[in-house]
Amino acid sequence: MESSQQALQLYQEHFGQGAKVFFSPGRINLLGEHVDYNGGFVLPAAINKGIWFAIAPNNSNTANFVAADVNESFSVQLDHIRKQDGWQNYVLGVLHILQKKRYIIGGFNCVFGGNVPQGAGLSSSAALEAGLAYALNNLFSLGLNSEQMALIAQEAEHSFPGTKCGIMDMFASLHGKEGHCMLLDCNSLQYEHLPLELNEYELVLINSKVHHSLNDGQYNKCFQEAMEGLSFFQTLNNHITSFRAISTDVVNQFKDNLSPEVYDRCIYIAQEIERTKQAAVCLKENDLIEFGKLMYQTHKGLSELYKVSCSELDYLVTEAKMKYDVIGSRMMGGGFGGCTINLVSKQNREEVIGDIVSSYQRVFDIQPEVYIVETSNGTHEIV
Ligand code: GLA
């Protein structure tokens, strides 16, 4: 689906008149990867690809969904919300958490669909969860603020799809601001919008087309091993509540007490928290060259220490690094596939990205997709 009109039209075909339309964006992340669930800082931005919802109450006890992109319909009695398989869990999770928190929602009809490529690390699932929470808040006057909606969407993801994700994706989707990224403190949820001034550069995503899915267990393994590391440091000092309090020096001091896997996770997290603070300073000072260097460092850490990259993503970054016109590149999001994010000179973008794409295609026999990033406002009603 490509527009709010399409959502509305499909709604009319299925349910008639009277729907409101909402847009919920996907996100990119400039820096701060795999640190949102470790108490770090992240630098995401909402993008102009997302999910549209056409939705209205139906004065019944039933929620009717039409998932336009997969051409599937699904109905559920509101007093019978149970975990299922597939995309249904993303919407059911939101209903489940709202009910668990005693918010009263009535029946409704909803058509949704969008243009966030799935499995590309652009948070299509968070856009769906955050967008549904936002729309229901509006329809049934639940009185939730954006932070509460983000937390509900995160809990929804933890509950039915079962991925122990951090807060970044849903928070970015709900709090985006066109022309800006945000520096989000994932401990306090304090955030600051930073103007995204890229001068002669632009952000380009290359989708490796290696499909990544967060609920296949690999992401939760990262989470568990990080928590194992954290628990060790908590036995040394019970005031520690997250990795924010653990410097790289401290991790190195206790290297021999940790298994090699857990040490690698911990040192990456401590470095990345530090790096994201530096990256925010670079953005504020408009030092994009330095910012780009940090992107390469993050990729190295994600690949060699946190071990969430794959050969296709590593190849894309290695190729990018050889180009004078690419000043920064790294895998983005949960990993194991999805996109790289590249900071590329506007002037030579077509040639440079074209080169990377064709050599990738030659080596892996996969045709990658390229998206030029445009930022957008957070989840909103389209009037
Ligand atoms: C996924 C998760 C986020 C975050 C990133 C990695 O997108 O949903 O919470 O952990 O991976 O930074």
Side-chain angles (χ1 to χ4, degrees), residues 24-47 49-50 89-90 93 116-130 150-176 181-187 189 191 205 207 210-227 230 242-243 265 268-273 275-276 279 294-295 297-299 301-303 305-310 313 330-341:
S24 187
R27 64 102 190 90
I28 54 163
N29 184 24
L30 279 92
L31 217 109
E33 217 65 271
H34 280 276
V35 287
D36 59 347
Y37 54 90
N38 286 313
F41 298 93
V42 291
L43 276 169
I47 55 171
K49 289 183 186 298
N89 273 336
Y90 296 102
V116 199
Q118 281 178 24
L122 299 176
S123 295
S124 50
S125 50
L128 178 54
E129 291 153 342
L151 289 166
I152 285 170
Q154 182 192 24
E155 217 179 315
E157 174 83 37
H158 289 186
S159 68
F160 283 5
T163 303
K164 299 288 173 207
C165 67
I167 191 71
M168 170 171 73
D169 303 349
M170 25 296 275
F171 200 95
S173 184
L174 285 155
H175 295 81
C181 64
M182 70 189 76
L183 174 63
L184 169 65
D185 175 340
C186 299
N187 264 349
L189 299 188
Y191 69 102
L205 305 180
N207 185 352
V210 177
H211 191 82
H212 102 140
S213 163
L214 291 187
N215 48 19
D216 64 1
Q218 286 171 302
Y219 184 92
N220 284 353
K221 184 165 178 276
C222 299
F223 174 79
Q224 272 151 15
E225 285 182 7
M227 290 310 113
L230 179 63
S242 79
F243 273 95
R265 297 253 189 236
Y268 167 79
I269 296 165
Q271 287 170 351
E272 182 73 352
I273 292 176
R275 234 181 339 255
T276 313
L294 297 174
M295 290 172 78
Q297 286 174 23
T298 290
H299 185 79
L302 287 167
S303 177
L305 296 171
Y306 217 65
K307 301 186 182 73
V308 290
S309 186
C310 58
L313 291 169
R330 64 179 195 84
M331 57 146 277
M332 188 184 74
F336 314 108
C339 290
T340 60
I341 179 167

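We count ligands from 1, going down the list as the structure has it; atoms in each ligand are counted the same way.
Here the shortest heavy-atom pairing between Ile341 and Met295 reads O-CE, 3.4 Å. When every heavy atom of Asn29 is checked against every heavy atom of Arg330, the shortest pair comes out as O-NH2, 2.7 Å. Taking both residues in full, the closest heavy atoms of Met168 and Glu33 are given as CE-OE1, 3.6 Å, listed atom of the first, atom of the second, then distance.
Taking the six-membered ring where tryptophan is involved, the planes of His175 and Phe171 are essentially parallel, since the angle between them stays under 30° and well short of 60°.
Checked against a 3.5 angstrom limit, the closest N/O atoms of Asp36 and ligand 1 fall inside it. Note: no N/O pair closer than 3.5 Å links Ile167 and ligand 1 by distance alone. Remark: ligand 1 and Glu33 share an N or O pair separated by less than 3.5 Å (distance only, no angle test). Here's the thing with Gly334: one of its N/O atoms is less than 3.5 angstrom from an N/O atom of ligand 1.
Contact atoms of ligand 1 toward Gly166: 9 (O) (distance under 4.0 Å to a heavy atom of the residue). With ligand atoms numbered from 1 in the order given, ligand 1 contributes 6 (C), 11 (O) to contacts under 4.0 Å with heavy atoms of Gly333. The ligand atoms of ligand 1 that sit less than 4.0 angstrom from a heavy atom of Tyr37 are 10 (O).
Scanning the protein for heavy atoms near atom 8 (O) of ligand 1, the closest one is Asp169 OD2, 2.6 Å. Of the protein's non-hydrogen atoms, the one nearest atom 10 (O) of ligand 1 is Tyr219 OH, 2.5 Å. Ranking protein heavy atoms by distance to atom 5 (C) of ligand 1, first place goes to Met168 CE, 3.8 Å.
Note on ligand 1: Arg27 sits in its first shell, one or more heavy atoms being nearer than 4.0 Å.
Once rounded to the nearest 0.5 Å, the distance linking OG of Ser125 with CG of Asn89 reads 11.5 Å. Rounding to the nearest 0.5 Å gives a distance of 7.0 Å between SG of Cys165 and CD of Glu129.
Partners of Gln271 under the side chain to side chain donor-acceptor pair (under 3.5 Å) rule, at least two apart in sequence or in another chain, do not exist in this structure.
The 12-atom threshold is not exceeded at CD of Gln118, counting heavy atoms of other residues, nucleotides or ligands nearer than 6.0 Å.
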